[in-house]
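Presented below is the structure to which this report refers.
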Amino acid sequence: KLWEFAEGSSSPDTGGPSPRHGHSATVATIEDEQGRVTDYMVVFAGRADAGYYNDVWAWNTRARKWEDWTPGSAHPTPAKRDHHHVAS
């Protein structure tokens, strides 16, 4: 697949992840309760001049918007990191 993003789609002003490097990304396909299948591009962690991240963002290809998948405080999260690997 060719992924194409609209200008400005990856800024905090539009509800997406902040600019970063050293992150990991993978594609997840999820079927909901109604049987609809949606592909997501999932981004984890990375770093910028401001520091390191351990957040999780998913680009919903059906709705064409970012979703914050970062676990809440009730769930443990990995340490902030960059230049790591992912497998799917």
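Everything numeric here is computed off the predicted structure, so don't read it as measured data.
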Output, in order, the C-alpha distance, side-chain angles, deciding distance and verdict of side-chain contact (heavy atoms from CB on, under 4.5 Å) for W57 and M41.
-> CA-CA 8 Å; W57 287 91; M41 182 184 71; over 6 Å; no

Passes side-chain hydrogen bond (donor to acceptor under 3.5 Å, both in side chains), T61 versus D39? Steps please.
-> CA-CA 6 Å; T61 61; D39 290 325; 4.8 Å; no

Verdict with supporting geometry, R47 and R20, side-chain contact (heavy atoms from CB on, under 4.5 Å) = CA-CA 5 Å; R47 69 182 272 192; R20 64 191 64 202; over 6 Å; no

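The number of heavy atoms from other shown groups lying within 6.0 Å of NE2 (H21) is above 12.
No donor-acceptor pair under 3.5 Å is formed between the side chain of S24 and the backbone N or O of H84. Counting only distance, with no hydrogens or angles, the side chain of R62 and the backbone of V37 share a donor-acceptor pair below 3.5 Å. Between the side chain of R81 and the backbone N or O of Y52 there is no donor-acceptor pair closer than 3.5 Å.
Taking the six-membered ring wherever Trp is involved, the centroid distance between the rings of W69 and Y40 falls below 6.0 Å.
Rounded to the nearest 0.5 Å, atoms NE2 (H23) and CG (D55) are 11.0 Å apart. Atom CG of N54 and atom CG of D82 lie 12.0 Å apart (nearest 0.5 Å). Once rounded to the nearest 0.5 Å, the distance linking CD of E67 with OG1 of T38 reads 8.5 Å.
The minimum heavy-atom distance linking A48 with P19 is given by the pair CB-O, 3.7 Å. When all heavy atoms are compared, the tightest approach of V42 to A28 is CG2-CB, 4.1 Å. Between Y53 and S18, the closest heavy-atom pair is OH-OG, 2.9 Å.
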